[in-house]
Each structure stands twice: as C-alpha cells, then as structure tokens.
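Indexing begins at 1, ligand by ligand and atom by atom, following the structure's order. Residues: numbered from 1 along the sequence shown.
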Amino acid sequence: MSFDFEITESKKLKGVMIIKPSISQDRRGTIWTSFLKEQIDKLLPDGLYFKHDKFSESRGNVLRGIHGDNKSWKLVTSVYGEIHQVVVDCRKDSPTYLQWEEFIINKDNQQLILIPPMMGNSYYISSENAVYHYKLAYDGDYIDADGQFTFAWNDPNIAIKWPTKTPILSDRDMEAHLKQEGK
Ligand SMILES: Cc1cn([C@H]2C[C@H](O)[C@@H](COP(=O)(O)OP(=O)(O)O[C@H]3O[C@H](C)C(=O)[C@H](O)[C@H]3O)O2)c(=O)[nH]c1=O
C-alpha cells in the first residue's frame, strides 16, 4: 500500500507540477489518494494553502477554457472519465509565453496537475462524460468568471491540437471563439 505521489515539474512549462498517485486495483475497481496536505501544500508559496474545492461535470465533447487569473493556484484532475487537460503559459514575461502542454487524465493514471497563477487552464472531455475537480489556493476572495482572463480555445497564436474542431462551448467561450474568428 502506498500513499506516496510521484511529483515532477513540467519540462516544458516552468512551475507546472505533475502529481501521480499510486492506484490500487482489485476485482471491485480502484482506490487512490488525490491529496495529502503535508506532501502537496508545500508545493504552494509560503502562507498559501488549498481552501476551496470545485467540481464540474461535463458531457462528452465539452471543452472548457482557456481561463485563468493572476492569483489562483489550481490543483486539477478528472475524478471520473477521460480528459485532455491543457495548460497555456499566459505569463507575458515568460520565455514560453503562449506555449502549451497537454496531459491526458483518466482512470489509468488519475494524475493531478498543479497550475500556477497566470497560466491558462482548459480541458476537453474525450469520454462519454467526466467529473473534473479543482483544489484552489488563493489570497482573499475567489475570482469568478468576470475577473478571469479568457483566450479562445482555438486561438491560432496558441494553436492547441484539440481532438475536435466542433466542441460544445459555454456562451463565454463561444464569444471568445467568435471574437477570434473576427465575427
Ligand atoms: C464555482 C461555481 C461557479 N458557479 C457559477 C459561476 C459562473 O457563472 C458559472 C460558470 O462558472 P465558470 O465560468 O467558472 O465555469 P467554466 O466555464 O467551467 O470555467 C472554468 O473553466 C476553466 C477551465 C477554469 O479553470 C476556471 O476556473 C473556471 O472558470 O457557474 C456557481 O454557480 N457555483 C460554483 O460553485
């Protein structure tokens, strides 16, 4: 039995952490640990801790994002279903500005991704449906949609290779898409 995580930093986007739990399997199914304070909180800046859990359930072919803000740390995973998790470096002063990295999250790895502030978060549901989980760490109040930045899922300056050309989008993400198309 192991509760340890394999924790590595992305080789492409500095500051993005990849956290792989060990998954125990038997004839009933699987069990794993997604969070241990003493192992994960220390990945945050001193004085910051995870204080807000958020879930979103989506049907297949939904794409959410690209959203972010200047202060929230997000530890994200898919607790059910398979997703294409994409992080975009939106830090204007970063040498990897607008570069992106994709992580497939599913029941075979149940990996978690720690996304620092000013990184764009987006994900595509490649299974019939999926339940997405965030642990959030931020100072002060939660930044809701109106306080976040939004990039279009298909922004040509980012050029993410998504598995679809016709995702299901929210009004907010459709607006970003149409703006991107100059409509
Ligand atoms: C968290 C929460 C939100 N809401 C409302 C607020 C919004 O009016 C609406 C949609 O929320 P949001 O725009 O945050 O949902 P997404 O379009 O999935 O955006 C998310 O997608 C990307 C990938 C992110 O990383 C963002 O954190 C997150 O904004 O639900 C509620 O009513 N209750 C709640 O607990």
Side-chain angles (χ1 to χ4, degrees), residues 10 12-13 15-19 34-35 40 43-45 48-92 94 96-106 110-155 157-164 166-180:
S10 160
K12 185 170 181 188
L13 301 181
V16 172
M17 301 304 288
I18 303 143
I19 297 139
S34 66
F35 180 76
I40 310 288
L43 300 174
L44 296 171
L48 211 53
Y49 55 90
F50 289 103
K51 68 177 184 181
H52 179 173
D53 282 63
K54 204 166 86 161
F55 289 85
S56 62
E57 184 271 333
S58 307
R59 58 174 61 90
N61 199 42
V62 161
L63 194 157
R64 295 179 186 247
I66 306 163
H67 307 152
D69 65 56
N70 63 1
K71 71 171 187 178
S72 305
W73 290 76
K74 301 173 185 171
L75 179 65
V76 298
T77 190
S78 170
V79 293
Y80 181 81
E82 180 177 86
I83 66 167
H84 291 236
Q85 168 66 48
V86 175
V87 182
V88 182
D89 188 348
C90 300
R91 301 169 297 191
K92 284 206 166 54
S94 165
T96 52
Y97 179 56
L98 293 191
Q99 290 188 32
W100 56 277
E101 187 167 9
E102 178 186 71
F103 306 91
I104 303 295
I105 303 181
N106 58 29
Q110 295 301 168
Q111 62 185 339
L112 302 101
I113 308 299
L114 180 61
I115 306 172
M118 288 313 290
M119 302 289 262
N121 183 27
S122 54
Y123 59 95
Y124 172 77
I125 312 305
S126 46
S127 51
E128 204 174 310
N129 58 12
V131 177
Y132 190 77
H133 176 240
Y134 313 65
K135 283 188 97 58
L136 299 168
Y138 49 83
D139 274 329
D141 297 333
Y142 172 71
I143 297 188
D144 203 348
D146 53 0
Q148 298 173 10
F149 60 76
T150 302
F151 283 83
W153 67 285
N154 63 338
D155 185 324
N157 301 307
I158 306 171
I160 298 170
K161 291 184 181 50
W162 294 108
T164 183
T166 54
I168 299 168
L169 301 171
S170 65
D171 291 348
R172 165 190 177 188
D173 293 338
M174 180 52 84
E175 224 171 278
H177 168 83
L178 294 173
K179 207 165 131 207
Q180 179 58 51

Under the side chain to side chain contact (heavy atoms under 4.5 Å, CB included) criterion, do Asp53 and Tyr134 qualify, and how do the steps go? CA-CA 6 Å; Asp53 282 63; Tyr134 313 65; over 6 Å; no

Pair Gln85-Tyr124, side-chain donor/acceptor within less than 3.5 Å: no

Does one side chain, of Ser122 or Arg64, offer a donor that lies under 3.5 Å from an acceptor on the other? no

What are the polar N/O contacts of ligand 1 with the protein below 3.5 Å, with distances?
{"from": "ligand 1", "atom 1": "13 (O)", "to": "Arg172", "atom 2": "NH1", "distance (Å)": "3.0"}
{"from": "ligand 1", "atom 1": "18 (O)", "to": "Arg64", "atom 2": "NH1", "distance (Å)": "2.8"}
{"from": "ligand 1", "atom 1": "19 (O)", "to": "His67", "atom 2": "ND1", "distance (Å)": "3.1"}
{"from": "ligand 1", "atom 1": "21 (O)", "to": "His67", "atom 2": "ND1", "distance (Å)": "3.0"}
{"from": "ligand 1", "atom 1": "25 (O)", "to": "Lys74", "atom 2": "NZ", "distance (Å)": "3.0"}
{"from": "ligand 1", "atom 1": "25 (O)", "to": "Asn121", "atom 2": "ND2", "distance (Å)": "2.9"}
{"from": "ligand 1", "atom 1": "27 (O)", "to": "Lys54", "atom 2": "NZ", "distance (Å)": "3.2"}
{"from": "ligand 1", "atom 1": "27 (O)", "to": "Lys74", "atom 2": "NZ", "distance (Å)": "3.4"}
{"from": "ligand 1", "atom 1": "29 (O)", "to": "Gln148", "atom 2": "OE1", "distance (Å)": "3.0"}
{"from": "ligand 1", "atom 1": "29 (O)", "to": "Gln148", "atom 2": "NE2", "distance (Å)": "3.2"}

Going by side chain to side chain contact (heavy atoms under 4.5 Å, CB included), name the residues that satisfy it together with Asn106, two or more places apart in sequence or in a different chain. Glu82, Ile104, Asp108, Asn109

Run the side chain to side chain contact (heavy atoms under 4.5 Å, CB included) test against Leu178 and tell me which residues pass, sequence neighbours left out. Met174, Lys183

With sequence neighbours excluded, residues passing side chain to side chain contact (heavy atoms under 4.5 Å, CB included) with Thr96: Leu13, Asp89, Arg91, Ser94, Gln99

